[in-house]
Amino acid sequence: SIKDGCEYFINLFAISKTETEMVPKGHIVASEQFKLAGNEPGIKEHWSDGTIKLKDGEKEIIAEGNMFSISIDKQTGFINSYKKEGNEILLMPIEPYFWRAPTDNDFGNGMQVRCKDWRTIHKELLIKNIKTNQPYNNQINVEFDYVINKFKSPASIKYQIYSDGTILVSSSFDFSKKGQPEIPRIGFRTRMSASMNKMAYYGKGPHENYIDRSRSAFIGIYSQNVSDMFTPYSRPQECGNRTKVRWAELSSENGFGFRITSSKPFETSALNYITEDLDDGLKKIQRHPADLTTQDYTEWHFDLIQMGLGG
């Protein structure tokens with residue numbers, strides 16, 4: 001019988017039965033995945049036991065529950081601290097982000113110049129209004145309304161914080177002004193300690209994949225070291241993305257972790273390099289992976305979508 005909230009796939013492989021001069025025995029000649037039944041897990045209505053305290057201060061909004069606390073900066077509207085059992089998880093605020101390090105194909109079509117404004121558009125969010133309320137003892141709602149300064153258009157980020165530490169986030173950004181170039185990505189990013197070095201996810205893998213290069217990647221549950229998610233192209237650039245992700249989590253060796261789910265499949269990547277490390281700027285530089293310095297933290301992107309690679 002088909003269980004609610006489960007998906008069912010069949011993976012088919014064509015494998016060579018005998019060895020030839022060019023193809024060894026057991027070589028996968030072709031493969032395909034078909035979905036048989038079930039629905040994507042998504043997010044169900046959330047409820048938690050216990051209580052949560054709201055502290056609305058001059059510079060930050062703090063939500064405190066059993067063994068955790070969450071702080072939101074009132075100057076930016078971004079979550080800048082998440083402590084669990086007294087341990088800080090975030091090394092950088094969870095900020096909206098719309099840029100990717102240009103690929104060789106991007107440089108080939110001038111994306112690094114045409115789309116350059118998206119590099120810093122997240123810094124153009126000006127807070128116009130803040131709303132907080134606590135409808136129940138176990139839930140706090142916080143909403144930030146913005147104007148995107150460059151476009152003079154609205155944006156918003158809403159948080160529903162529960163007594164078990166779960167945060168439901170919804171956001172909207174009006175980029176509909178005519179004449180704007182394509183957006184490289186739409187999502188959020190943050191940084192965590194390098195000890196958060198295990199990535200597990202339910203989505204397409206195990207290798208990197210993008211919306212226009214994902215046919216060879218199958219839906220599954222995968223677990224990898226963050227260091228293995230970097231693809232060492234001859235010139236550093238955007239890499240390591242995963243698509244059709246249902247949930248993803250970063251954790252440490254002792255199991256201390258952070259999980260993200262979504263109401264529909266999303267994209268994600270986690271690297272020991274930041275986007276700025278992989279970004280040559282407006283002119284391509286002939287660097288190599290050996291020229292990069294591995295950071296002592298993990299940069300984690302979780303996106304609604306990232307544009308394809310082309311080529």
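From a predicted model like this one, the values you see are computed outputs, not experimental measurements.
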Let me confirm one number: the [atom1]-[atom2] distance from [X] to [Y], rounded to the nearest 0.5 Å.
X      : Y      : atom1 : atom2 : result
Met307 : Ile186 : CE    : CD1   : 11.5 Å
Met192 : Phe256 : CE    : CZ    : 9.5 Å
Arg246 : Ile221 : CZ    : CD1   : 10.5 Å
Leu126 : Gln75  : CG    : CD    : 11.5 Å

Report yes or no: does [X] contribute a side-chain atom to a donor-acceptor pair with the main-chain N or O of [Y] at less than 3.5 Å?
X      : Y      : answer
Asn225 : Ser227 : no
Tyr8   : Lys3   : yes
Asn138 : Ser48  : yes
Glu124 : Lys150 : yes
Asn105 : Leu309 : yes
Tyr297 : Ser195 : no
Arg259 : Gly257 : no
Gln286 : Arg235 : no
Ser153 : Asp174 : yes

Review point. If every non-hydrogen atom of Phe144 is compared with every non-hydrogen atom of Lys74, which pair is closest and at what distance?
Key: CE2-CA, 4.2 Å
Exercise for review: Might you point out which heavy atoms bring Phe107 and Pro102 nearest each other, and give the distance in Å?
Suggested key: CE1-CB, 3.6 Å
Any idea how [X] and [Y] line up, ring-wise: parallel (<30°), tilted (30 to 60°), or perpendicular (>60°)?
X      : Y      : value
Tyr273 : Phe230 : tilted
Phe151 : Trp118 : tilted
Phe173 : Phe175 : parallel
Phe13  : Phe218 : tilted

Can you confirm whether the side chains of [X] and [Y] place a donor and an acceptor under 3.5 Å from each other?
X      : Y      : result
Asn241 : Ser269 : no
Asn197 : Thr298 : no
Thr275 : Glu299 : yes
His207 : Ser216 : yes
Gln139 : Asn141 : yes
His46  : Asp164 : yes
Thr51  : Ser163 : no
Glu88  : Ser81  : yes
Thr243 : Ser214 : no
Asp277 : Gln295 : yes

Taking NZ, NE, NH1 and NH2 as the nitrogens, is one of them in [X] or [Y] under 4.0 Å from a carboxylate oxygen of the other?
X      : Y      : answer
Arg185 : Asp303 : yes
Glu40  : Lys264 : no
Asp279 : Arg100 : no
Glu276 : Arg189 : yes

Crowded around [X] [atom1]? As in, over 12 foreign heavy atoms under 6.0 Å?
X      : atom1 : answer
Tyr136 : OH    : no
Asn254 : CG    : yes
Asp4   : CG    : no
Asn133 : CG    : yes
Asn66  : CG    : no

What about the rings of [X] and [Y], do their centers lie closer together than 6.0 Å?
X      : Y      : answer
His301 : Tyr97  : yes
Phe188 : Phe78  : no
Tyr222 : Tyr202 : no

Review point. Which residue pairs pass the salt bridge (charged side-chain N to carboxylate O under 4.0 Å, His left out) test with at least one member in residues 20-39, sequence neighbours excluded?
Key: Glu7-Lys35, Glu32-Arg215
Revision key, fill the gap. Sequence neighbours excluded, the answer for salt bridge (charged side-chain N to carboxylate O under 4.0 Å, His left out) partners of Lys284 is Asp104
Study note, to complete from the structure: side-chain hydrogen bond (donor to acceptor under 3.5 Å, both in side chains) filter on Thr231, not counting sequence neighbours, yields Glu208
